[in-house]
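Taking it in order: structure first as structure tokens, then the write-up.
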Amino acid sequence: MTTVLPERGPGGDVGGGVGADEAALQAAFDAAISADERIEPRDWMPDGYRATLIRQIAQHAHSEIIGMQPEANWITRAPSLRRKAILMAKVQDEAGHGLYLYSAAETLGVSRDELLDKLHSGRQKYSSIFNYPTLTWADVGAIGWLVDGAAITNQVPLCRCSYGPYARAMVRVCKEESFHQRQGYELLLALSRGTPAQHAMAQDAVDRWWWPSLMMFGPPDAESAHSAQSMAWKIKRHGNDELRQRFVDICVPQAEALGLTLPDPDLRWNEERGSYDFGEIDWSEFQQVLKGNGPCNEQRISQRRRAHEEGAWVREAAAAYARKRAAAPSNEDGRR
Amino acid sequence: MSETSQQHRARAEWPLWEVFVRSRRGLSHTHVGSVHAPDAALALRNARDLYTRRSEGVSLWVVPADRITASSPDEKDPFFEPAADKAYRHPTFYEVPEGVRNL
């Protein structure tokens, strides 16, 4: 993630009416994309490409840090020290993923503060999945298995995204996500093989998280606002529907091994397609959650804002300390 | 006036540091990303927490991002051109008679 900032911000001095130059730059950009080369921070890029990446990477980063909340909810109540240590490591990883991604977004000429402002004021979004509550301990397992599983399915192709810093961040993220998915699966397996009450708790969590996980892939390609252009720019490599199908096909045998069922009466193997058919997704629920009417939208954002505001004095104190030390270099030299 | 500007500075974003990790002995430091921190010591700590949670490194460098001088992509072709027409710098440029070994 090279963070040397571009000399021109979005809509900078490139488009200043020098038509021939811009056409040449556009041609060089198009050639790099079609040759499957990576675009790097200081390269010329179309304003739309830059804006799309900022929107997508920011939303991705916001999702990682908002995603800390539903799971952190269970840290103090983890059933054993082993589970608690695992969950803390996982939540810390989510913070780390957010930071890798903010770092990648900053290479496009936006500041970290600006991105956080936009999250706090609702001008940039995060994944709807985190607006659902974690009602029981089994939800921690369902999130690891299904939510992180869906995220991996989405993110593995992003490791080949045309924008270098984003692709490199995704390589790191994907390496760490597989631990997340496995710990969730193991947690559910322990519950599923436990007492009848524990088994029921695991089944209930899977029943609640299955459909929202399928919605994580976004609306059907035909209705997806950004899909076609993102594919042309090689930001995205696969359509929403293709990735969703891939995820369903992966999950069905995993659910069987868990001894749990997936809450879809229409789920069945289609010999002809070599894939599982599955039922209609309730997109009106997706739209409602997206609009801010999910069970936890308000709670997630207000908690995020509060954490930011309550941490302000720490950031200010550290900055003041750094300034004071920089202003008195003689003391510093003495200690070196 | 100084009060306001101080307050403003206090709220301004922490500076950006580029992070380089030596993944194991015998290898060079490699750029991995960036962190924000108020000073070098905290930049190192933040970089450790962010980029070496799984023993990915044995040594870390942090460099203020605004202290890096980079070649401009606009000058790319002419800037790197001197290297392009000097094929004689590569061993494959030279013809070696059949049967000559260890050369």
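Only heavy atoms go into these numbers, but all of them, side chains included; no hydrogens, no water, no symmetry mates. Labels below follow one simple rule: chain letters A, B, ... track the order of the sequence lines, proteins then strands, and each chain is numbered from 1.
- Near-neighbour residues of residues 94-103 of chain B relative to chain A, defined by a heavy atom under 4.5 Å from a heavy atom of that chain, are none.
- Interatomic distance, A:M88 CE to A:I75 CD1, rounded to the nearest 0.5 Å: 6.5 Å.
- Classification of B:E18 and B:R67 as a salt-bridged pair fails, no side-chain N sitting under 4.0 Å from a carboxylate O.
- Defined by atom type and a distance below 3.5 Å, a donor-acceptor pair is present between the side-chain atoms of B:H36 and A:E106.
- The distance from atom CE of A:M45 to atom CZ of A:R50, rounded to the nearest 0.5 Å, is 4.5 Å.
- Open room surrounds CZ on B:R24; 12 or fewer heavy atoms of other groups in view lie less than 6.0 Å from it.
- A distance of 6.0 Å separates CD1 of A:I86 from CD of A:E186, quoted to the nearest 0.5 Å.
- For A:A320, no part sits under 4.5 Å from any heavy atom of chain B, backbone or side chain.
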